[in-house]
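Below is one structure, written out as structure tokens; the observations come after it.
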Amino acid sequence: MAAAAAAAEASFAPPEHTGGAIDEFSYDDQIVRMFLWATLIWALVGFLAGVVLAFQLAMPALNFLPEIAFGRLRPLHTNAAIFAFAGNAIFCAVYYSTQRLCKTRMFSDKLSRLHFWQLIIVSAALTLPFGITQGKEYAELEWPIDLAIAVVWAGFFGVNFIGTLIRRRERHLYVAIWFYIASLVTVAILHIFNNIWIPVGIVDVIRTGELASFDNAMKSYPVYAGVQDAFMQWWYGHNAVACFLTTPFLGLMYYFLPKAADRPVFSYKLSIVHFWSLVFIYIWAGPHHLHYTALPEWAASLGMVFSLMLWMPSWGGMINGLLTLRGAWHKVAQDPVLKFFVVGITFYGMATFEGPMLSIKTVNSLSHYTDWTIAHVHAATLGWNGFMTFGMIYWRAPRLFQTGKLYSQKLASLHFWIGTIGILLYVISIYTAGITQGLMWRAFDETGALAFPKFIETVTQLMPFYWIRAIGGTMYLVATGIGVYNIFKTWRMKPPSYDVPVIRAARLGKVYDDGPAPKSRLNANVAIGHAGDRFMQGHRHRRWERMPIRFTVYVTVAVIFASLFEIIPTFLIRSNVPTIASVKPYTPLELAGRDIYIAEGCYNCHSQMIRPIFSETQRYGEYSKPGEFIYDRPFQWGSRRIGPDLAREGVLNPNAGWHYIHFEIPTECQAGSVMPSDKHLIHQDLHCAEIEARVHSMAMLGVPYGDAVTRSVEMAREQAADVAQQVHDNAPGYAIVDNLENKKVVALIAYLQRLGTDISKPAPDDAETEEGGAS
Amino acid sequence: MSDIMSHMDLAVWPTIGLVLFLIVFACMAGRVLLSKRPHNERMASLPLDDDEPAHQGRLTNREEPDVA
């Protein structure tokens with residue numbers, strides 16, 4: 001018996017251990033179960049929001065409530081799918097695998113519970129529908145929630161995770177842990193630096209001792225403006241995809257796929273190449289989201305080059321994953337877990353082939369702003385993130401709930417097949433829609449004029465695809481419902497109380513001797529040659545693998561170096577953003593209108609960036625210049641065009657009456673329009689008292705408002721009266737609301753009338769320039 | 001600093017990035033190709049032998065709640 005126990009102990013002691021004491025401990029699986037349920041609940045919420053959005057495009061009448069109209073619901077959908085569903089799935093997997101790979105319980109049970117961040121997710125769900133947003137894609141949450149996220153991520157999760165690594169009983173860190181470290185570090189850096197702002201509410205309180213409104217309390221303006229804000233946002237946006245939806249999932253692929261296939265990863269060497277290549281390359285690739293925009297040419301080229309290089313490690317990782325199943329392909333037919341993994345990894349390969357392809361400028365000129373991008377991200381999230389998550393959950397559920405088996409293998413297979421068909425219906429229809437859209441925008445007739453000059457023609461053409469997409473999305477939601485039911489029934493089979501298995505493992509000795517440092521095998525007498533040969537023997541890297549803090553520091557250095565390489569020139573080179581003398585700050589009323597534009601989520605359907613492409617300048621006018629956006633905080637270039645670009649709306653369509661009618665009943669002005677009605681803006685009062693603090697906040701950021709800071713309310717009222725009069729003049733006979741000059745809609749119309757007009761105005765004389773002030 | 005950066009020819013920036021990457025990639029690939037087989041095999045097998053308990057049973061008298 002004693003011999004058996006000794007053998008058992010020996011089997012769990014790392015072969016290299018140096019005689020540390022044997023500890024007994026247990027894993028904290030309760031937190032894993034909590035994150036598992038959170039993953040499933042938010043999957044249903046996030047996917048349901050997506051299905052509603054899909055039907056809203058096919059049936060615009062479904063936008064009957066402002067709180068769930070397309071512009072406000074889309075951020076809720078993306079945040080729920082990325083941060084709530086995928087986020088909880090990551091934490092569920094990280095807590096499960098890290099404890100086992102490190103042979104230790106998490107550093108602190110209390111920190112694990114504090115990290116259970118569902119309150120933050122609920123706060124997002126309670127603010128976004130009410131238009132409380134920063135207006136930057138995937139970074140919409142306002143400043144108080146941003147602060148809470150930073151505390152939870154770095155303070156609770158980060159300390160708990162690193163503390164666990166320090167306390168580990170396994171000397172070497174498995175490659176999955178490396179991916180988790182990279183994700184932890186990079187997401188923290190991205191989140192913090194993309195969310196540097198001035199909170200309007202605090203400015204308000206400091207200046208006046210009181211808050212003008214709850215909206216002001218939640219409102220913030222970024223310290224970056226225009227081109228720089230766009231650059232920072234897509235540095236964040238691209239790498240949020242990389243380090244939230246890719247690297248952690250790769251880490252858990254390297255852990256759970258070998259477990260499910262019951263064989264080690266195909267090539268551990270390849271996994272190391274995969275890791276360091278991704279860490280070094282990914283962070284450079286963000287500018288490919290801004291091709292042909294006002295971003296400098298060198299930055300866009302840099303982003304494209306590094307995006308293309310991502311092909312190598314990404315496909316190396318996919319091949320490594322699929323070849324892990326060598327000799328086990330017969331299991332795939334029977335095991336739903338492996339089915340999910342195989343299709344998930346295949347979608348990873350497809351998405352990481354397509355991503356670099358879309359970053360090639362000529363391809364991007366067709367794909368950008370179209371539904372092609374939407375198809376690309378859904379192939380990745382539904383296929384890669386979704387299926388990897390469900391595969392892991394099906395593998396873990398019988399173990400976590402100690403049932404020995406799933407409630408139903410058949411239901412799991414049904415989930416897989418309905419989900420797969422749903423994804424295919426979704427992506428094939430939307431790929432077709434995106435390419436159709438792109439080709440129609442750039443088509444010319446035999447006379448050299450635009451073949452489809454009315455934007456609406458390119459919208460109505462897509463309707464059949466929108467319907468197919470909605471059906472595909474519904475199938476994916478139904479499949480998820482089947483999965484949740486299956487897991488629920490598995491949970492019902494659990495024992496009355498969970499066993500807590502005892503694990504024994506040797507504590508790491510304080511001294512570790514991994515042999516003498518290697519000697520150079522070269523005969524040459526050049527010092528650098530000897531140093532290179534010693535490096536190539538990998539001795540130093542293996543030491544890093546045993547030093548989590550040093551490893552984390554090196555990953556951080558790689559990420560920060562690559563980021564600064566792009567960010568510093570973007571911020572310092574004056575010629576990147578040539579000043580245009582005629583571009584002046586928004587008036588107080590236009591600023592209020594811009595904030596309404598952001599709150600309504602207009603950027604989800606409309607871009608404000610005319611690319612220097614002939615078909616675009618023909619359709620929208622003069623292409624956008626970097627200097628036009630120096631007062632845009634945040635930038636509103638957008639990333640897709642469900643509706644037309646608005647960068648020159650003030651030039652193309654300054655008619656206040658048209659806008660008023662269009663906001664109330666879009667189809668009155670444009671038959672076939674899918675735009676939601678914004679008639680609530682016609683009835684809601686504009687709070688002029690809010691404006692002063694907002695103008696003051698902008699002035700603190702360096703916007704030359706001059707005496708507009710103190711006269712902002714008066715100036716706003718004057719301009720509102722003027723716009724209201726224009727509406728009456730332009731729409732005679734139309735039923736216009738009483739006291740129009742006090743309604744939100746006039747601010748929004750004033751903003752639209754201003755868009756793109758500065759560039760065609762004469763430059764002010766010197767005296768006026770020095771005085772500053774909004775005009 | 002702004003003056004210096006403004007006078008730099010940044011067309012070469014992507015090339016510098018590419019060269020830096022190739023240096024890092026070459027070092028890393030060389031290190032991986034020359035790494036020791038027994039070490040890699042042991043690392044690759046880590047996920048497969050990590051959660052079998054020394055024995056089944058209660059760690060303490062406390063039972064974990066079954067709320068989740």
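Chain A is the first sequence line, chain B the second, and so forth, proteins listed ahead of strands; every chain is numbered from 1. Worth knowing before you read on, the calculation uses all heavy atoms, side chains too, and leaves out hydrogens, waters and symmetry mates. As the structure is a computational prediction, the values presented were derived from the model and not from experiment.
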Original post:
What part of A:Phe561 is in contact with chain B, defined as an atom under 4.5 angstrom from a non-hydrogen atom: side chain, backbone, both or neither?
Top reply: side chain
Original post:
Which pair of heavy atoms, one from A:Val265 and one from B:Ala44, lies closest together, and at what distance?
Top reply: CG1-CB, 4.0 Å
**OP:** Side chain from CB out, backbone as N, CA, C, O: work out which of these in A:Tyr174 comes under 4.5 Å of a heavy atom of chain B, or both, or neither.
**Re:** both
Subject >> Trace of the side chain to side chain contact (heavy atoms under 4.5 Å, CB included) decision for A:Lys269 with B:Asn40 >> reply: CA-CA 7 Å; A:Lys269 288 180 178 181; B:Asn40 286 333; 3.5 Å; yes
Original post:
By a 4.5 Å heavy-atom criterion (distance strictly below it), what part of A:Ile281 contacts chain B: side chain, backbone, both, or neither?
Top reply: side chain
**OP:** Below 4.5 Å from any heavy atom of chain B, which atoms of A:Met309 appear? Answer side chain, backbone, both or neither.
**Re:** side chain
Subject >> Least distance between heavy atoms, B:Met43 atom then A:Leu173 atom >> reply: CE-O, 3.3 Å
Original post:
Is it the backbone or the side chain of A:Tyr254 that comes under 4.5 Å from a heavy atom of chain B, or both, or neither?
Top reply: backbone
Original post:
Which heavy atom in A:Ile272 sits nearest to a heavy atom in B:Met28, and how many Å separate them?
Top reply: O-SD, 4.2 Å
**OP:** Would you name the heavy atoms of B:Leu46 and A:Glu170 that are closest together and state the gap between them?
**Re:** CD2-OE1, 3.6 Å
